[in-house]
Amino acid sequence: MTERLRRQLLVRSSRPVDLDQWPSDETFGWNKDAAKGELNKVIGEMAFIQRRLMAEATQSLLVVLQGRDASGKDGLVRHVMTGLNPAGVRVVSFKVPAGVEKDHDYLWRCHKAVPARGQVGVWNRSHYEDILVPRVKGLVAEDVWRRRYRHVRDFEQLLADEGTRVLKFYLNVSHEVQRQRLQKRIDNPESSWKHDPSDLSDREIWPLYEEAYADVLRETSRPHAPWYVVPADNKWVRDLVVARIMLDELVDMNPQLPLAEKTLKGTTVV
Ligand code: AMP
Ligand code: MG
């Protein structure tokens, strides 16, 4: 079942990406109440495998989240990672590069944030900001952001070769749902602190981001680090889609408990 979902949402490098054609409000015929129960079940299964991942301490999983403001990256982290052992999860939120980050190449801060063996890493924004933002804001020449596709593909290949599985999710929210969420955020005193004026200026150049995202997804979706376009107008759909694909990947990683029984056989604790 998840295999079909993955096929449906996978970005293929052989085809142009038109994000308008990817429904942001797809529900796959799922029922909202049942989906909540299903999400809990999926998280429980992930937690079981996570124990083995930590014990094995050989492989790691990196989940990259990208999407517009208010597409639900923070909410997804809260809903899907709650239930995993926090000792084995590292969430990193990438902001505008500052301080020492600006003194290095753009991948420097990212490479340091890659999950250690046995860990699950979640990136709330990522190295992809270093292609998208310079492009839409015209901060660097085209050849500079364009060659980063190659850097990023090679970087992710290195991670995959060395034992880190990479899954990338683009949370696809519609223009109208983003408007509603940004307005709600501004109007609610409990969430207005989250509002950033750049959310509105970025919204004004929505089509530029759309074009930039379409190219990024196609240029960097590869078997070793696939992109999935997640329908994100409904939070419950968004959460279940990501959780199911993560679980599917963890099952495929099949981490094993270390072989302790041979050496422990006959040992008695007194
Ligand atoms: P938020 O995720 O809403 O807290 O906002 C973080 C902000 O930092 C967003 O506006 C991102 O576009 C911006 N950002 C993150 N990484 C970079 C980067 N490498 N270059 C430029 N802007 C970035
Ligand atoms: Mg923001």
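All heavy atoms count here, side chains included; hydrogens, waters and symmetry mates do not. First listed ligand is number 1; within each ligand, the first listed atom is number 1.
For the salt bridge (Lys or Arg N to Asp or Glu O under 4.0 Å) condition, the pairs that include at least one residue of residues 217-230, sequence neighbours left out, are Arg153-Glu219.
Between Glu142 and Arg146 there is a salt bridge, since at least one side-chain N of the basic residue sits less than 4.0 Å from a carboxylate O of the acidic one. Asp69 and Arg125 are joined by a salt bridge, as a carboxylate oxygen and a charged side-chain nitrogen come within less than 4.0 angstrom of each other.
Only the side chain of Asp69 comes within contact range of ligand 1, with a heavy atom under 4.0 Å; no backbone atom does. Only the side chain of Arg109 comes within 4.0 Å of ligand 1, counting heavy atoms alone; its backbone N, CA, C and O stay farther away. Contact annotation for Val96 and ligand 1: heavy atoms of both the backbone and the side chain come within less than 4.0 Å of the ligand.
In this comparison of Glu129, Lys102, His195, Lys95, the heavy atom closest to atom 4 (O) of ligand 1 sits on Lys95. Summarising the contacts of atom 3 (O) of ligand 1 with Arg125, Glu101, Lys194, the nearest heavy atom is found in Arg125. Looking at Asn124, Val133, Asp130, it is Asp130 that brings a heavy atom closest to atom 19 (N) of ligand 1.
For the ring pair (Phe, Tyr, Trp, His ring centres under 6.0 Å) with Tyr170, the lone residue among Trp22, Tyr209, Tyr213 that qualifies is Tyr213.
A 4.5 Å side-chain heavy-atom check between Trp227 and Tyr128 finds at least one atom pair inside the cut-off.
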